[in-house]
Amino acid sequence: MTANEIRDSYKKFFESKQHAIVPSAPMVIKDDPTLMFTNAGMNQWKDIILGTRDPEPRRRADTQKCLRVSGKHNDLEEVGHDTYHHTMFEMLGNWSFGDYFKEGAIDMAWEYLVDVLKLNPEDLYVTVFEGSPEENIPRDDEAAKYWAKHVPEDHIINGNKHDNFWEMGDTGPCGPCSEIHVDSRTPEQKAASGKTGRELVNQDDPQVIEIWNIVFMQFNRKADGSLEPLSMNVIDTGMGFERLVRMMQGKHSNYDTDVFQPIIKAEQQITGLKYFTFEEETENPISKEQDDINVAMRVCADHLRAVSFSIADGQLPSNAKAGYVIRRILRRAVRYAYTFLGQKDGFLHKLVPTLVAEMGDAFPELKAQQQLITKVIKEEEDSFLRTLEKGIGMLNDAMDKLKAEGKAELDGVQAFRLFDTYGFPLDLTELICRENGFTVNEEQFNVEMQKQKERARNAAAVENSDWVELAQGEQQFVGYDYTEYDCHILRYRKVTQKKNEFYELVFDNTPFYGEMGGQVGDCGVICNEAETIDIIDSKRENGQTVHIVKQLPKDPAAQFMACVDTDKRYASAANHTATHLLDYALKQILGDHVEQKGSFVSPDTLRFDFSHFEKVTDEQLREVERMVNDMIRQDIHIDEHRDVPFDEAKKLGAIALFGEKYGDKVRVVRFGPSCEFCGGIHASSTGRIGFFKIISESSVAAGIRRIEAKTGKECEELLYQTEDILKAVKAFFNNAKDLQGVIKKYIEEHDSMKKEIEAFQAQAVERAAKQLVDKAREVNGVKVVTAVLPMNPAAAKDLAFKIRAAVDSSLLCVLGTHDNNKPQLSIMMSDDMVSDHGLNAGQMVREAAKLIQGGGGGQPHFAQAGGKNADGLSAAVDKVLELAKL
Ligand code: ATP
Ligand code: MG
């Protein structure tokens, strides 16, 4: 079976078991502060599991793009070195939200693997939670009982808390789990090892690996660590697709399947190197060098997928947060290609066509954005390769120094600096050092690393207390229609972040828009006769608006009126609507390739990032502005459709964004020809925007442009500012009618005067040189020229050189000049003064400059020093003569 057929068979099987087959959520998570990337199939169901979203349909299944490179799940360092962990992989999953539980899940998993896919039951082992006496949780005998229906007792293994008890986080849903492991060893390997598969489960054997984890969520962990039963039992399963494909294709490495082989073939073609598959490796064992090549090819093939899918999902490499994680993955691939595949130029971007050819049908976002993906990867590669060269230069210098000092060990602080600044991981630094006969102090390196981790942890630490429930119920968002509404607090909790304390409130009804989709959250108040509490921000969390307050109401159970700050709200709304119009106008004027890549909307500004491959010209920007302002003057009324099924919305012509998560029902917002999927707050008609003006156009990354713009009142203020500046400038020029002409004339006059002054100065220097040389004293055969005079530093240097040109030998010239009370000392000598008299202008100037409270230096025959004390100039000149000992 091909990978695609296997993926389909999974969906078909669970469809036949009454599961709704749902799409993968984006891999990059945009609206959850606790998680940057989807790392498991259940992430997108968090709100259902937490009880804040309708669980219907209660049976679901999908294949989910996952990335495990940060936080709780970080497999990055394994990837490439082993053959079954990836950064990005697909997780096949099925869920039951309060429907079937342990028995159903176990039966279905078994039926799929053994009856449908015909995996050999002899090779399958399952684990069950052994229990935890200190937490008072018994062994999961229930799961064991259901497994015993299918497998012999010696295929059921007890597992500890680490492997067999799943927790969503420090608090929240958790429960025991059962894993299915496969023994994929060849008969020869089995015979040679003398160990049973059972003995190798969870022992990091590359051929005895976990493929499916079935989680039985049945507890809720509270902030004090205690457990209570969950109100709804949940089944959450996850099976590694690439691992399953490997089993089905009779391979022993994920990289030998049709998921990776096409990419690896392309790598071989480009590099001219060979990759050894598991079979080839077994037949003739490979050298250390060949193993490095193998690892590097796996790293590149894997990372290419992770990086390309992230970019397609809208996450570009950058310096912060999710973008930084992607940058690190990409750089890891560049390093391996550079070190082991001999790729000194960008390499990864050359593999994009193969990836798109293989996966573009299943993932259209790749195909549609191939050009962008290629450009972004290439630019990142080029810039990192430059950094890499610099880092290697720095390491070479460090090693030279060690050699000179007779040392053999690079200190860990330097190794850490290389890691931190140049992205050199310890192993690369060690490799280069080893090749040159040095070692690296690993202990020190680890200490530095630990320090940095702690710094990061302290900066990010957030402490949440348990939710205090005041009333049952689900939240209703009424903000599309109201800015004021009666409400009760359903629940609240205290949050501590960087020593700041605040509270999060959830209301039954709320007109407040929680920050989402680039639009900032509403602020405002809740009030009743007794008190008024400021809402300083609103955020979206697990599908709800959470309101942030500094202090709790005295009576949290009372009824309140929730009132949104409408000035800010209307300004944000106008900016959001203007963003839609801008998007539309850009597509009209620049072309259909324009794709939204990010947006930010606040009361005072709007920012819009989009794909476009060159600078937008001034004329194009004007055209865009004219088109948007035209739509504003047409005062087009909002045409809003709520709760439209996704497919119907597409028929309306709404533009869906890659990397955005849409529910089954969506909201469509249309202003005339502009039609978008959008959950944001908008102006009731375009006229409310007032006016639209682009402030700047710039580049954010390869292939991505950014426009910042302002609307309405902000534009008015901008106009006033510009007007004021213009008025002030006019006043300088006596309110001349032809301001441009007058300024142009001034500039021309200024330029010609400057030239004249320079000519005068040159003449003056010429004259001064002649006079000074004429006045020179002779001391023991040396012509001594000294002077203290007003002159700027450039002219002083010029003068010194003119004097040197006029006297070909035995010259000592010492000039003390001052310019606006700033002293300068210049020493000029003929070459024989240096060679025959052993004088050094640089040394003398440093010594003498102390008298003008300054310092300087230069060459043996010419040196200069600046200072602070002009009164000391004569003494400094004398000091030089004294030092010269003529
Ligand atoms: P492992 O112990 O092999 O790292 P895990 O315990 O981290 O696996 P789970 O978190 O239970 O795995 O994820 C469910 C399934 O997803 C696993 O059974 C496995 O098949 C697959 N999986 C997990 N991590 C990866 C990865 N990095 N690359 C590919 N597949 C993975
Ligand atoms: Mg793992």
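Atoms within a ligand are numbered from 1 in the order they appear, just like the ligands themselves.
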K.L.:
Should Ile211 be listed as contacting ligand 1, given a heavy-atom distance under 4.0 Å as the test?
P.N.:
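Heavy atoms of Ile211 do come under 4.0 Å of ligand 1.
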K.L.:
Give the atom numbers and elements of ligand 1 that come within less than 4.0 Å of a heavy atom of Met91.
P.N.:
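So the atoms of ligand 1 that pass are 13 (O), 14 (C), 16 (O).
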K.L.:
Would you call Glu541-Lys46 a salt bridge at under 4.0 Å N-O?
P.N.:
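Between Lys46 and Glu541 there is no salt bridge, as every charged N stays at least 4.0 Å from the carboxylate O atoms.
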K.L.:
Could you list which atoms of ligand 1 come closer than 4.0 Å to a heavy atom of His73?
P.N.:
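Ligand 1 atoms under the 4.0 Å threshold to His73: 10 (O).
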K.L.:
State if Phe241 counts as touching ligand 1 under the rule of any non-hydrogen atom under 4.0 Å.
P.N.:
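Contact absent.
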K.L.:
Are any of the heavy atoms in Arg243 under 4.0 Å away from ligand 1?
P.N.:
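Judged by the 4.0 Å heavy-atom criterion, Arg243 does count as contacting ligand 1.
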K.L.:
Is NZ or CZ of Arg59 both nearer than 6.0 Å to the six-membered ring centre of Trp95 and within 45° of the ring axis?
P.N.:
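Judged by the rule, Arg59 and Trp95 form no cation-pi pair.
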K.L.:
Measuring only between side-chain heavy atoms, which start at C-beta, is Asn220 closer than 4.5 Å to Leu227?
P.N.:
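SC-SC contact between Asn220 and Leu227 ruled out.
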K.L.:
May I ask you to check whether Phe363 and Phe309 place their ring centers less than 6.0 Å from one another?
P.N.:
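Yes.
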K.L.:
Could you tell me if Lys274 sits above the aromatic ring of Phe276, with its cationic atom closer than 6.0 Å to the ring centre and no more than 45 degrees from the axis?
P.N.:
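Here Lys274 passes the 6.0 Å and 45° test against Phe276.
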K.L.:
With respect to atom 10 (O) of ligand 1, which of Arg68, Glu242, Glu90 exhibits the smallest heavy-atom separation?
P.N.:
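It is Arg68 that holds the nearest heavy atom.
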K.L.:
With Glu442, which residues qualify under salt bridge (charged side-chain N to carboxylate O under 4.0 Å, His left out), at least two apart?
P.N.:
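Per chain and number, Glu442 pairs via salt bridge (charged side-chain N to carboxylate O under 4.0 Å, His left out) with no residue.
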K.L.:
For Tyr84, counting its heavy atoms only, list the atoms of ligand 1 lying under 4.0 Å from any of them.
P.N.:
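Answer, ordered by atom number: 28 (N), 29 (C).
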